[in-house]
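Just so it is clear, the structure is predicted and the values come from calculations on it, not from any experiment.
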Amino acid sequence: MTPEEVGRRMATLLAPAEATPSVSGGQRHARATVDVPAASWRDALRAARDDAELACDFFDWLSAVDELAEGFDVVAHLWSTRHRHGVLLRTRVPREAPEVASVVDVYPGADWHERETHEMFGIDFAGRRGLLPLLLPPEFEGHPLRKEFVLASRVAKPWPGAKEPGESEAGGGRRPIRPPGVPAPGEWGTTPTPAGAGGVGEGPRGGTPARPARERPARPATPERSARPAPPERPGDEEGTT
């Protein structure tokens, strides 16, 4: 089945629920993409698995995308080992109460993915237990893949995209713009920021936490080479010999 046929088949199976089929980019690697209501999430994955024409028996992955004020998109990719086609199923949940039904009973392989998505985005999966920390330590606060989460590594290290096109190496031209995820000066850390390191609105306090100086280990001494022996004298080399 072509991606267009897969999308139409999914929309037919989910009627009267409103399912919107489309086709992703990728030319010959394009996939059918079907947007479904959150209430039809489990029904959509079960239909893709059980329908004889689709027969998506292989669960590939599940994750989410932060769409800011519009909420979160939960995305799952399924594949048919028999028919050699795939489908991307997608639903949107509100930011205020991000929750969607668990599909572990439909695809047991989704267990790890739901735990990771819950941990990284804060999305709950109704109807299941065991959403325990998977990758982060228990004392970690926040959800690192949400776009409002401050990426401390971008504050502690120079950001390679700090200079815009046309900006000179001497610091002239337009003022650099802070990269995404870096707070404004004065909102992070307690150490002064050197002049020119704070980006737009730089001030006396800044965004570079103090770090201990790293000492480079001394290189081992290179063993001295022994002097090369002088070549033996040959007859006729004596001074004054003709």
Side-chain angles (χ1 to χ4, degrees), residues 1 3 6-7 9-11 13-14 17-24 26 29-68 70-149 151 153:
M1 299 176 69
V6 171
R9 181 62 179 171
M10 281 296 311
L13 293 173
L14 295 175
E18 185 178 353
T20 306
S22 59
V23 178
S24 70
H29 300 291
R31 292 282 183 272
T33 302
V34 183
D35 290 281
V36 302
S40 303
W41 181 243
R42 291 179 73 254
D43 294 337
L45 273 79
R46 184 183 293 109
R49 182 195 67 180
D50 296 341
D51 180 68
E53 294 185 26
L54 296 177
C56 293
D57 54 335
F58 179 74
F59 175 87
D60 192 2
W61 54 265
L62 179 148
S63 189
V65 179
D66 187 348
E67 298 292 353
L68 297 175
E70 298 180 7
F72 298 94
D73 282 343
V74 181
V75 187
H77 181 250
L78 311 175
W79 180 257
S80 173
T81 58
R82 184 190 315 163
H83 301 306
R84 311 299 295 174
H85 59 230
V87 58
L88 280 165
L89 295 175
R90 183 169 57 190
T91 191
R92 180 163 293 180
V93 296
R95 194 173 198 86
E96 298 76 19
E99 183 180 80
V100 71
S102 172
V103 294
V104 172
D105 59 332
V106 182
Y107 289 101
D111 179 73
W112 191 96
H113 299 257
E114 288 186 355
R115 289 177 61 190
E116 182 194 36
T117 303
H118 170 75
E119 190 173 35
M120 295 295 170
F121 292 93
I123 297 173
D124 292 325
F125 291 88
R128 64 158 295 165
R129 294 178 297 175
L131 287 172
L132 302 174
L134 180 68
L135 302 174
L136 302 175
E139 65 274 11
F140 192 92
E141 297 182 1
H143 305 288
L145 293 187
R146 288 192 174 197
K147 289 183 178 178
E148 75 269 14
F149 188 85
L151 300 177
S153 62

message: Please verify the inter-ring angle class for Tyr107 with Phe59; under 30° counts as parallel, over 60° as perpendicular, anything in between as tilted.
response: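 Ring orientation of Tyr107 relative to Phe59: tilted.
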Sub-3.5 Å donor-acceptor pair from the side chain of [X] to the main-chain atoms of [Y], do we have one?
{"X": "Ser80", "Y": "Ala55", "answer": "yes"}
{"X": "Glu114", "Y": "Val103", "answer": "yes"}
{"X": "Lys147", "Y": "Glu67", "answer": "no"}
{"X": "His85", "Y": "Leu54", "answer": "yes"}
{"X": "His83", "Y": "Ala52", "answer": "yes"}
{"X": "Glu119", "Y": "Leu134", "answer": "yes"}
{"X": "Thr91", "Y": "Val36", "answer": "yes"}
{"X": "Ser24", "Y": "Ala30", "answer": "no"}
{"X": "Thr117", "Y": "His113", "answer": "yes"}

Should the pair [X]-[Y] be classified as a salt bridge under the 4.0 Å nitrogen-to-oxygen rule?
{"X": "Asp35", "Y": "Arg90", "value": "yes"}
{"X": "Asp51", "Y": "Arg9", "value": "yes"}
{"X": "Asp73", "Y": "Arg92", "value": "yes"}
{"X": "Asp111", "Y": "Arg128", "value": "yes"}
{"X": "Glu53", "Y": "Arg82", "value": "no"}

Flag side-chain contact, heavy atom, 4.5 Å: [X] against [Y]:
{"X": "Val106", "Y": "Val104", "answer": "no"}
{"X": "Thr20", "Y": "Val34", "answer": "no"}
{"X": "His77", "Y": "Leu89", "answer": "no"}
{"X": "Arg115", "Y": "Leu132", "answer": "yes"}
{"X": "Leu135", "Y": "Phe140", "answer": "no"}
{"X": "Val100", "Y": "Arg42", "answer": "no"}
{"X": "Trp79", "Y": "Asp57", "answer": "no"}
{"X": "Leu45", "Y": "Arg49", "answer": "no"}

field: Heavy-atom closest contact (Ala32 atom, Pro3 atom, distance)
entry: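 Taking Ala32 first and Pro3 second, the nearest heavy atoms are CB-O, 3.2 Å.
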field: Non-hydrogen atoms of Phe121 and Asp66 that approach each other most closely
entry: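 Phe121 and Asp66 have their closest heavy atoms at CE2-N, 4.1 Å.
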field: Straight-line distance of Ser40 OG to Leu13 CG, nearest 0.5 Å
entry: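 Reported to 0.5 Å precision, the distance equals 12.0 Å.
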